[in-house]
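Quick notes on the structure that follows.
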Amino acid sequence: MCDKKGVYNFNEIEKKWQDFWQENKTFKANDDSDKPKYYVLDMFPYPSGQGLHVGHPEGYTASDIVARYKRMKGFNVLHPIGWDAFGLPAEQYAIQTGTHPAETTKNNIDNMRKQIKSLGFSYDWDREINTTDPKYFKWTQWIFLKFFNSYFDEEQQKARPIDELVIPKGLSDQGKAEYIDDNRLAYEAEVAVNWCPELGTVLANEEVINGLSERGDHPVIRKPMRQWMLRITKYSERLLDGLDEVDWTDSIKKLQHDWIGKSTGAEVDFALDGFDEKIRVFTTRADTLFGATYMVMAPEHPLVDKITADSQKQAVEEYRRTASRKSDLDRTDLAKEKTGIATGAYAVNPVNGQKIPVWISDYVLISYGTGAIMAVPAHDDRDFEFANKFGLEIIQVVEPPSQQDKDAVAKGQLCFSGNGRAINSGKFNDLGTAEFKEKIASWLEENDLGKKAVNYKLRDWLFSRQRYWGEPFPLMHQKNGSIIPLTEDQLPLALPLVKDYKPAGSGEPPLSNAPDWVNVTLPDGSKAKRELNTMPQWAGSCWYYLRYIDPNNAEIFCDSEKEKYWMNVDLYIGGAEHAVLHLLYSRFWHKFLYDYGYVSTPEPFQKLINQGMILGTDGQKMSKSRGNVVNPDKVIADYGADSMRLYEMFMGPLEASKPWNMHGVEGVHRFLQRFWRVVIDEETGALSQSVQDVDADDETLRLLHKTIKKVGDDVENFGFNTAISAMMIFVNHLVKMQVKPKSAIEKFVLILAPFAPHIAEDIWQKLGCQTTLAYEPWPGYDPQFVKEAQFELAVQIKGKIKDKIVVDADATEEQIKEIALSSEKVIAAMGGKEPKKVIVIKSRLVNIVV
RNA sequence: GCGAGCGUGGCGGAACUGGCAGACGCGCUAGAUUUAGGUUCUAGUACCCUUAGUGGUGUGGAGGUUCGACUCCUCUCGCUCGCACCA
């Protein structure tokens with residue numbers, strides 16, 4: 001084998017073409033082109049020390065096939081890649097070894113870039129970006145400052161400069177400043193965070209598992225800390241509406257829809273017996289007001305202190321202390337029984353003047369609605385459970401439609417939360433649920449007791465992290481507490497060098513270890529301190545797709561003419577794990593930039609595809625501990641990048657999870673090898689003698705055209721596995737032929753090229769073509785050849801196949817019927833009976849009913 | 001608990017809009033080439049039965065609609081993934 005000159009030497013071929021593409025900048029996207037544009041984007045990777053795993057190339061291969069296909073279809077294609085390079089692992093490594101995260105990151109990027117290049121993806125490498133590059137994060141900081149300097153105009157439903165905010169009259173200077181700060185889209189707030197005393201740091205929700213830290217299993221508690229927040233909730237409605245405009249799967253849309261969690265209902269004020277204050281509640285079931293038998297406030301509710309009776313003070317205090325120590329996870333653990341304590345205070349039900357007790361319980365969340373509820377135990381499962389536990393009154397006010405439920409609910413044995421007919425509700429009796437809601441809302445409004453209201457589950461975005469390896473906030477704090485943002489010419493604000501990457505024990509972030517950087521003298525001689533928090537990893541990925549459009553612009557994050565040409569992203573491929581957060585955050589930033597006219601489209605990503613997970617050979621998720629991780633470098637070394645790409649696509653549908661199988665790689669490798677041998681003489685490396693300039697026979701021509709159609713259609717629909725299967729069928733046909741028509745092979749090479757570009761380029765060259773095939777037009781097909789000349793007609797009697805007859809494709813229904821009925825086998829099978837009904841499906845089958 | 005998705009040979013998977021289930025690949029069996037293994041090539045391969053047929057059964061299970069169901073409807077079982085007290 002080794003002495004033959006012309007064997008399929010994939011290592012050599014792949015290196016040769018990767019070098020060629022790089023030297024010739026084959027895939028450089030042109031900003032100034034008459035061609036229609038196509039922007040195909042991959043979710044950029046975090047450059048980890050582990051390097052690439054086989055999951056990465058799945059999405060990247062799919063997008064690369066589309067990119068290459070679209071180029072051949074005459075599109076000007078933008079297909080970029082970069083690095084989402086801020087993040088915790090490099091920082092942890094720095095804590096352990098003292099290596100600067102920038103160095104670790106650079107090494108990891110160099111390694112992964114090499115790996116990615118070895119797969120032959122058609123990226124425009126001149127547009128490579130890196131979120132940790134100061135030239136990049138300058139603009140992340142710049143966008144943050146825009147948020148800081150903006151407010152949300154409710155009337156226009158859009159962001160506007162903070163200077164244009166109308167400030168209420170009669171405020172003191174301090175009051176004005178506070179009013180402004182309260183309206184900024186980036187604001188500071190004291191919020192409860194996951195604090196891990198053992199690690200001395202704050203953790204993200206995802207890093208807390210069952211109340212313990214993911215790393216090291218240390219206890220995590222809730223602790224209020226000053227944090228930066230982004231007011232994403234102002235965009236709830238627009239983020240919801242925008243989902244109608246994009247071409248995403250229903251399941252992803254639903255995920256985002258539910259995450260935003262819009263619910264419409266009413267706010268109702270309950271007077272407090274003996275106090276001037278009122279308790280305001282939010283409810284979606286104002287029609288059950290007559291059944292409200294008690295109230296519950298969140299333990300953190302500001303009224304609790306005021307209204308608690310002296311006799312309950314101690315118990316209430318203790319309950320609040322316990323609740324505050326619980327993590328969110330503990331609090332939401334359904335397995336736990338409901339807890340709570342009465343405050344000793346009473347509220348008055350506005351519809352009937354009934355005095356009802358006020359309790360506190362941690363099943364009511366301070367962060368949703370008004371932080372207090374009216375409890376209707378007969379018609380709310382949670383209230384039902386609570387009332388039963390503490391012996392509170394249950395009054396039925398809705399009659400269920402089903403007789404069975406009716407009795408159980410009446411006896412107080414069952415809670416019914418569906419719609420029904422109103423009872424025990426005074427003048428509202430007999431109303432249906434929907435109608436009741438309307439009527440009671442108007443009644444509340446007329447009597448100044450409440451109004452219609454909308455609530456969202458979506459919370460403002462906690463945007464600061466107590467970490468080193470992130471974008472510094474471009475802000476300074478003065479002694480008097482006021483905040484001075486940096487000006488645009490002061491950006492980027494780079495990270496300082498520190499000796500110690502650990503957070504200070506007090507919870508001060510690692511940046512406090514760089515006093516020279518932290519302490520600033522302002523032009524007027526006064527002192528200020530820089531913000532010590534950094535931004536979360538999501539920040540850089542919120543807008544990276546815009547930077548690819550204009551990666552080196554020093555004046556603006558993206559030139560608006562170029563933005564208008566390239567946006568929006570036509571196809572976005574990435575993992576489903578980002579279905580909510582990344583995609584929601586970047587849509588939010590995009591809409592914000594849209595408000596200022598920096599981007600021209602309301603949504604960034606038109607079409608979204610989530611590739612499925614690649615599992616280990618054992619069908620389990622790949623992990624180091626299971627020892628089932630497949631190394632892509634090894635696969636490429638053994639079988640080549642083309643085989644790797646082909647196998648990743650051949651495994652199954654792109655969006656499905658599927659297990660890896662090394663024999664499968666061998667299978668597609670054999671396919672490439674077989675094709676190679678069809679065309680190339682293995683002894684000499686020249687074109688095989690059997691490839692000749694002859695006309696293709698009818699069968700070959702039909703198969704070729706059918707294959708061209710099938711592969712093109714499948715690429716358009718992301719059915720890469722079936723496209724490959726069609727190409728295998730074609731090659732199997734070629735193998736059988738003594739003389740192979742060169743013209744057919746030329747066309748076939750072109751459709752293979754997006755999938756296995758190296759071998760295709762090489763064969764293209766051996767066929768005598770001088771230059772790269774990357775911009776050769778995608779071959780067309782002739783519809784007349786796609787149809788078969790004849791087909792095999794299946795003849796069924798009562799749905800069972802009795803005969804198969806070859807029939808001309810242009811036979812009429814009558815002719816087909818006749819042919820079928822005159823078949824000997826059919827006549828025999830009918831046994832002399834007369835056909836009752838004959839169903840003819842053209843070009844498929846005939847079904848005879850007797 | 002709620003929501004979404006999925007169940008097809010030994011395995012990964014195909015099957016257009018209700019029209020021949022199992023394309024393509026893996027694996028396996030037999031044969032050819034080879035000193036042998038591997039490679040390559042040829043033939044076969046859903047299951048069951050028998051005298052190998054013009055046979056029976058088959059798309060998680062049970063019903064239904066239809067001339068005809070992997071496909072549509074109802075119920076049910078199993079798996080996977082989200083969400084998880086949002087009033």
Side-chain angles (χ1 to χ4, degrees), chain A residues 1 249-252 254-255 258-259 261-263 265 281-286 288 296 328-329 331-336 338 361-365 367-376 379-383 385-386 417 455-459 576-577 579-580 612-613 617 619 646-647 650-653 655-668 670-671 673-674 677 713 719 721-729 731-732 735 791-804 824-826 828-829 835-850:
Chain A
M1 157 175 169
T249 61
D250 287 343
S251 67
I252 297 283
K254 188 168 186 314
L255 231 48
D258 292 353
W259 189 266
K262 180 180 184 175
S263 68
V281 301
F282 172 73
T283 177
T284 55
R285 292 298 301 267
T288 61
V296 188
D328 259 4
L329 258 147
R331 280 186 63 163
T332 56
D333 190 349
L334 273 175
K336 293 228 166 61
K338 289 203 169 27
S361 171
D362 61 11
Y363 85 86
V364 174
L365 307 173
S367 48
Y368 183 78
T370 60
I373 61 156
M374 64 173 203
V376 186
H379 306 292
D380 181 286
D381 291 314
R382 297 149 299 181
D383 298 344
E385 188 192 334
F386 192 83
S417 55
N455 261 298
Y456 300 90
K457 275 201 250 182
L458 186 67
R459 308 291 151 84
E577 66 273 22
V580 176
M613 211 185 326
T617 47
L646 222 44
Y647 178 62
F650 187 61
M651 289 172 82
E655 304 198 57
S657 300
K658 49 232 160 208
W660 187 270
N661 177 1
M662 217 40 103
H663 291 303
V665 188
E666 286 168 22
V668 294
R670 277 203 279 269
F671 157 67
Q673 205 145 35
R674 211 156 41 232
R677 281 197 305 264
D713 289 353
N721 53 334
T722 46
I724 293 167
S725 150
M727 291 191 284
M728 286 174 167
I729 292 169
V731 168
N732 288 346
V735 167
F791 69 94
E792 197 179 45
L793 178 77
V795 185
Q796 298 178 328
I797 293 176
K798 285 202 302 186
K800 306 242 177 203
I801 292 170
K802 293 295 169 190
D803 197 9
K804 293 187 177 186
E824 277 173 34
K825 287 177 184 173
V826 170
K836 205 158 102 189
K837 196 172 168 189
V838 179
I839 293 139
V840 178
I841 305 299
K842 237 190 146 201
S843 75
R844 266 177 228 279
L845 58 70
V846 171
N847 192 7
I848 301 164
V849 189
V850 287

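Labels below follow one simple rule: chain letters A, B, ... track the order of the sequence lines, proteins then strands, and each chain is numbered from 1.
Comparing B/C41, B/A87, B/C85 by their closest approach to the side chain of A/Arg677 singles out B/C41. Each of B/G27, B/G13, B/A87 was ranked by its minimum atom distance to the side chain of A/Lys658; first place goes to B/G13. Comparing B/A87, B/G19, B/G27 against the side chain of A/Arg670 picks out B/G27 as the nearest. Of all nucleotides listed (B/A23, B/G12, B/C85), B/A23 comes nearest to the side chain of A/Ile729. Each of B/C83, B/C24, B/A4 was ranked by its minimum atom distance to the side chain of A/Lys254; first place goes to B/A4. Residue A/Ile839 places its side chain closer to B/C67 than to any other of B/A23, B/C67, B/G12. Side-chain atoms of A/Asn661 lie closest to B/C26 of the nucleotides B/A87, B/C26, B/C20.
The gap from the C1' atom of B/G18 to that of B/G27 amounts to 34 Å, rounded to the nearest Å. When the C1' atom is compared between B/U42 and B/C48, the two are found 29 Å apart, to the nearest whole Å. Straight-line distance between the P atoms of B/U65 and B/A84: roughly 44 Å, to the nearest whole Å. Comparing the P positions of B/U74 and B/G3 gives an interatomic distance of 15 Å, to the nearest angstrom. Atom C1' of B/A21 sits at a distance of 14 Å from the matching atom of B/C47, rounded to the whole Å. If you take atom C1' in B/A69 and the same atom in B/G19, they sit 10 Å apart, rounded to whole Å. Taking atom P in both B/G53 and B/U59, the straight-line distance is 26 Å, to the nearest Å. B/U8 and B/C79 have their P atoms separated by 14 Å, with the value rounded to a whole Å.
Remark: B/A23 base-pairs with no nucleotide in the shown strands. Criterion, Watson-Crick or G-U wobble with two distances under 3.5 Å. Using N1 to N3 plus N6-O4 or O6-N4 for Watson-Crick, or N1-O2 and O6-N3 for G-U wobble, each under 3.5 Å, B/U40 pairs with B/A32. The base-pairing partner of B/G9, taking Watson-Crick or G-U wobble contacts with both distances under 3.5 Å, does not exist among the strands shown. As the counterpart of B/A52, no nucleotide is assigned, since no Watson-Crick or G-U wobble pattern has both distances under 3.5 Å. When Watson-Crick and G-U wobble pairs are counted only if both distances are under 3.5 Å, B/G58 pairs with no nucleotide at all. Base-pair partner of B/A15: not found among the strands shown (Watson-Crick or G-U wobble, both distances under 3.5 Å). Pairing of B/U66, defined by two Watson-Crick or G-U wobble distances under 3.5 Å, is not identified with any nucleotide. The partner of B/A4 is B/U80, judged by Watson-Crick or G-U wobble contacts that both fall below 3.5 Å.
Residues A/Thr617 and A/Met662 fail the side-chain proximity criterion, which asks for heavy atoms closer than 4.5 Å. Taking 4.5 Å as the limit, every side-chain heavy atom of A/Glu385 sits out of range of all side-chain heavy atoms of A/Tyr363. Residues A/Met374 and A/Thr283 are in side-chain contact: their nearest non-hydrogen atoms beyond the backbone lie under 4.5 Å apart. Residues A/Asp380 and A/Ile373 have side chains not in contact (no heavy-atom distance under 4.5 Å, counting atoms from C-beta outward). Contact of the A/Arg674 side chain with the A/Val735 side chain is registered, since non-hydrogen atoms from C-beta on lie closer than 4.5 Å. The side-chain heavy atoms of A/Met727 and A/Ile724, taken from C-beta on, include a pair separated by under 4.5 Å.
Across the protein-nucleic acid pair, A/Leu255 atom CG and B/A4 atom C1' stand 9 Å apart, rounded to whole Å. The separation between A/Phe650 atom CZ and B/A23 atom P is 11 Å, rounded to whole Å. Atoms CZ (A/Phe282) and C1' (B/C85) sit 15 Å apart, rounded to a whole Å.
Looking at which nucleotide of RNA chain B each of A/Glu666 and A/Asp380 is closest to, the 5′-most match is held by A/Glu666. Remark on RNA chain B: of its neighbouring residues A/Lys837 and A/Thr722, the 5'-side contact belongs to A/Thr722, judged by nearest-heavy-atom nucleotide.
No contact: A/Ser367 has no heavy atom under 4.0 Å from any strand. Across all strands shown, A/Leu845 has heavy atoms under 4.0 Å from base atoms, whether or not it also approaches the sugar-phosphate. Residue-level contact check: A/Asn847 touches the bases, meaning some heavy atom is under 4.0 Å from a base atom. Looking at heavy-atom distances under 4.0 Å, A/Lys457 makes contact with a base. Among the atoms of the strands shown, only primed sugar atoms or phosphate atoms (P, OP1, OP2) are found under 4.0 Å from some heavy atom of A/Asn721. Among the atoms of the strands shown, base atoms are found under 4.0 Å from some heavy atom of A/Ile841.
In this structure, A/Tyr363 does not reach the B/A87 phosphate: none of its side-chain N or O atoms is under 4.0 Å from OP1 or OP2. Between A/Asn732 and B/G25, a side-chain N or O to OP1/OP2 separation shorter than 4.0 Å is present. Checking the phosphate oxygens (OP1, OP2) of B/C24, no side-chain nitrogen or oxygen of A/Arg674 falls inside 4.0 Å. When the side-chain nitrogen and oxygen atoms of A/Ser263 are compared with OP1 and OP2 of B/A87, one or more of them lie within a distance under 4.0 Å.
Aromatic ring pairs are classed by plane angle as parallel below 30°, tilted from 30° to 60° and perpendicular above 60°; the pair A/Trp660 and A/Tyr647 is perpendicular.
For B/G9, the O4'-C1' to base torsion is within 90° of 0; the nucleotide is therefore syn.
Residues A/Ile252 and A/Ala579 approach most closely at CD1-CB, 3.4 Å, considering heavy atoms.
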